Amino acid sequence: MTEAKIGIIGGSGLYQMEALQDIEEVQLETPFGSPSDAIIVGTLEGTQVAFLARHGRHHHLMPSELPFQANIHAMKQLGVEYLISASAVGSLKAEVKPLDMVVPDQFIDRTKNRVSTFFGDGIVAHIAFGDPVCPQLAQELATAVASLNLDQVTLHQGGTYVCMEGPAFSTKAESNLYRSWDATVIGMTNLPEAKLAREAEIAYATLALVTDYDCWHPDHDSVTVEMVIGNLRKNAINAQRVIQAVVKQLAQNPPASEAHSALQYAILTPLSQAPEQTKEKLHLLLKKYL
Ligand SMILES: CSC[C@H]1O[C@H](OP(=O)(O)O)[C@H](O)[C@@H]1O
Ligand SMILES: Nc1ncnc2[nH]cnc12
C-alpha cells in the first residue's frame with residue numbers, strides 16, 4: 001500500500017512538484033467522492049510525500065466546486081499526518097507585499113457554500129478550532145522560509161486569512177471591511193480544508209503566497225487574473241523550495257501535534273448508538289475510537 005506521512009496541497013500556480021522522484025499517480029476513491037485529481041506520491045529529499053493539485057492539474061475546479069472532503073479523506077487514506085497547503089492570496093496590509101510569504105495563524109469564514117465537516121447523518125462532533133492551524137507545523141514552515149533567505153521575499157509569521165466564497169474577487173467595500181478587522185490576507189480555499197483536516201486529525205498549516213494587493217490599495221490597480229498569474233510563477237518556484245526544506249525538517253524531527261488527537265473529546269454521539277451506515281462511512285476517521 002502506498003503511504004506518505006507528509007501531504008502537500010498545491011493551489012493556484014502550484015500544479016506539480018518538480019523535485020519529486022519515483023513518482024506514482026494514485027487514483028483514490030472516497031466515501032465523499034473523488035479528489036480534485038490523482039494524488040502524486042513520490043520522494044522528496046528521500047522522504048515519501050503525497051501531492052495534490054487543489055484545482056486539478058489543469059485548474060478546472062472553482063473554489064466553490066472543490067471536493068474538500070474527498071481531498072482530505074484521500075490524504076488520510078495515504079496515512080498523511082502533516083498537511084501543508086500552498087495557496088495564492090491577496091494582501092490586506094501595505095507591509096505585506098506581492099511575493100511575500102505569510103504563515104497565517106487565524107482564519108475568518110466568509111464562505112457561503114462549502115461543506116466543512118465529515119460529520120452529520122447521525123454522528124455529531126464539534127472539534128476545537130480556536131487555533132485553526134497547527135502551531136508546530138506553522139513554525140516548521142516559518143523556519144524553512146527563514147532558512148532560505150529568498151530574494152525579494154519577506155516572511156510574515158502569523159496573521160489572519162479571510163476565506164471568501166468567490167469566484168469574483170472582493171469589492172472595495174469588502175476589502176476595506178476586512179482591513180478594518182485587521183485581517184492580513186484573503187483567499188478562497190483554506191478554511192474548509194483546515195476544518196476537515198482537523199476532523200481527520202491531520203496537522204495542517206498554510207504557506208500563503210502573496211500575488212496582489214486585492215483592490216483596496218490606492219496605488220495599485222484592482223486585482224485581476226493577469227496580475228496574479230505573473231506573481232504565481234515566481235511564487236511557485238519559491239514555494240517548492242520552502243516545501244522541500246520543510247519536508248527535510250519534518251522527516252528528521254516530526255513534531256507532536258494536538259491535531260493528531262482532535263476527535264478524542266469532540267464526538268457527542270455515543271458511537272454504540274450511531275447508525276451503522278454512518279460509522280462505516282466515517283470508519284477511517286473513527287476506527288481508533290470504536
Ligand atoms: C488565481 S487567484 C484566485 C484563486 O487563487 C487562490 O487559490 P488557492 O488557495 O488554491 O491557491 C484563491 O483561493 C482562489 O481560489
Ligand atoms: N485578492 C485575492 N482575493 C481572493 N483570493 C485571492 N487569491 C489571490 N489573490 C486573491
Side-chain angles (χ1 to χ4, degrees), residues 7-17 35-37 51-68 71-72 83-94 96-104 107-114 116 132-133 159-179 181 183-197 204-217 220-240 242-243:
I8 300 143
I9 300 188
S12 299
L14 188 61
Y15 305 109
Q16 59 172 16
M17 292 282 304
S36 301
D37 205 328
F51 175 85
L52 173 65
R54 177 182 287 119
H55 302 273
R57 69 188 74 181
H58 301 303
H59 206 128
H60 67 287
L61 294 165
M62 295 198 299
S64 315
E65 295 175 325
L66 292 174
F68 289 106
N71 289 352
I72 300 297
L83 185 56
I84 298 162
S85 157
S87 272
V89 293
S91 167
L92 297 168
K93 287 185 185 284
V96 179
K97 308 178 306 299
L99 304 186
D100 280 1
M101 294 186 183
V102 182
V103 181
F107 288 107
I108 293 176
D109 195 356
R110 290 278 299 165
T111 64
K112 301 182 179 80
N113 192 22
R114 311 285 176 94
S116 302
V133 162
T160 300
Y161 173 125
V162 177
C163 192
M164 60 178 288
E165 184 65 40
F169 292 116
S170 305
T171 64
K172 283 185 179 148
E174 288 164 338
S175 198
N176 281 313
L177 177 67
Y178 307 145
R179 278 170 52 71
W181 294 346
T184 314
V185 292
I186 183 159
M188 304 179 190
T189 61
N190 273 219
L191 186 46
E193 217 162 77
K195 284 185 179 161
L196 289 159
Y204 181 92
T206 297
L207 178 66
L209 304 145
V210 181
T211 50
D212 56 83
Y213 272 117
D214 201 30
C215 59
W216 63 269
H217 202 302
H220 291 264
D221 290 338
S222 290
V223 54
T224 61
V225 163
E226 190 189 7
M227 174 191 294
V228 167
I229 282 173
N231 288 331
L232 280 181
R233 296 212 176 92
K234 296 178 198 153
N235 283 343
I237 293 167
N238 287 338
Q240 290 182 70
V242 174
I243 290 165

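Counting starts at 1 for both ligands and their atoms, in listed order. Just so you know, these numbers come straight off a predicted model, no measurement behind them.
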For atom 12 (C) of ligand 1, closest protein heavy-atom neighbour: Met188 N, 3.7 Å

Numbered atoms and elements of ligand 1 in range of Gly187, under 4.0 angstrom, heavy atoms: 13 (O)

Output the list of atoms in ligand 1 that are nearer than 4.0 Å to some heavy atom of Val228, sorted by atom number. 1 (C), 2 (S)

Looking only at atom types and distance, does a side-chain atom of Ser91 sit under 3.5 Å from a main-chain N or O of Val96, one as donor and one as acceptor? yes

min-distance protein heavy atom vs atom 15 (O) of ligand 1 -> Pro63 CG, 3.2 Å

Has Thr211 got a side-chain atom pairing as donor or acceptor with Val89's backbone, closer than 3.5 angstrom? yes

Which protein heavy atom lies closest to atom 10 (O) of ligand 1, and at what distance to 0.1 Å? His55 NE2, 2.5 Å

Working for salt bridge (Lys or Arg N to Asp or Glu O under 4.0 Å), residues Arg179 and Asp214: CA-CA 11 Å; Arg179 278 170 52 71; Asp214 201 30; over 6 Å; no

Looking only at distances, please establish whether an N/O atom of ligand 1 is found under 3.5 Å from an N/O atom of Tyr161. no

Tell me which one of Arg114, Arg110, Met62 satisfies side-chain contact (heavy atoms from CB on, under 4.5 Å) with Glu165. Arg114

Atom 3 (C) of ligand 1: the protein heavy-atom neighbour that sits closest, reported with distance to 0.1 Å: Phe169 CE2, 4.0 Å

For the residue pair Leu14 and Phe51, establish whether any side-chain heavy-atom pair is separated by less than 4.5 Å. yes

Identity and separation of the nearest protein heavy atom to atom 9 (O) of ligand 1: Thr189 OG1, 2.6 Å

Which residue holds the protein heavy atom closest to atom 5 (O) of ligand 1, what is that atom called, and what is the gap in Å? Ser12 OG, 2.8 Å

Measure the shortest side-chain to side-chain distance between Tyr178 and Ser170 over non-hydrogen atoms and say whether it is less than 4.5 angstrom. yes

Partner set under side-chain hydrogen bond (donor to acceptor under 3.5 Å, both in side chains) for Lys97, not counting sequence neighbours: Asp100, Thr154

Checking side-chain contact (heavy atoms from CB on, under 4.5 Å) against Leu92, which of Asn176, Val162, Leu177 comes through? Val162

Check each atom of ligand 1 against the heavy atoms of Gly11 and keep those under 4.0 Å away; list them by number with element. 8 (P), 10 (O), 11 (O)

Could you tell me how the ring of His217 sits relative to the ring of His220: parallel (under 30°), tilted (30 to 60°) or perpendicular (over 60°)? perpendicular

Taking every non-hydrogen atom, the tightest pair across His55 and Ser12: NE2-OG, 3.8 Å

Quick one: does Pro192's side chain get under 4.5 Å of Ile72's, heavy atoms only? no

Using a threshold of 4.0 angstrom between heavy atoms of the protein and any atom of ligand 2, which residues qualify? Ala88, Val89, Gly90, Met164, Phe169, Ile186, Gly187, Met188, Thr211, Asp212, Asp214, Val223

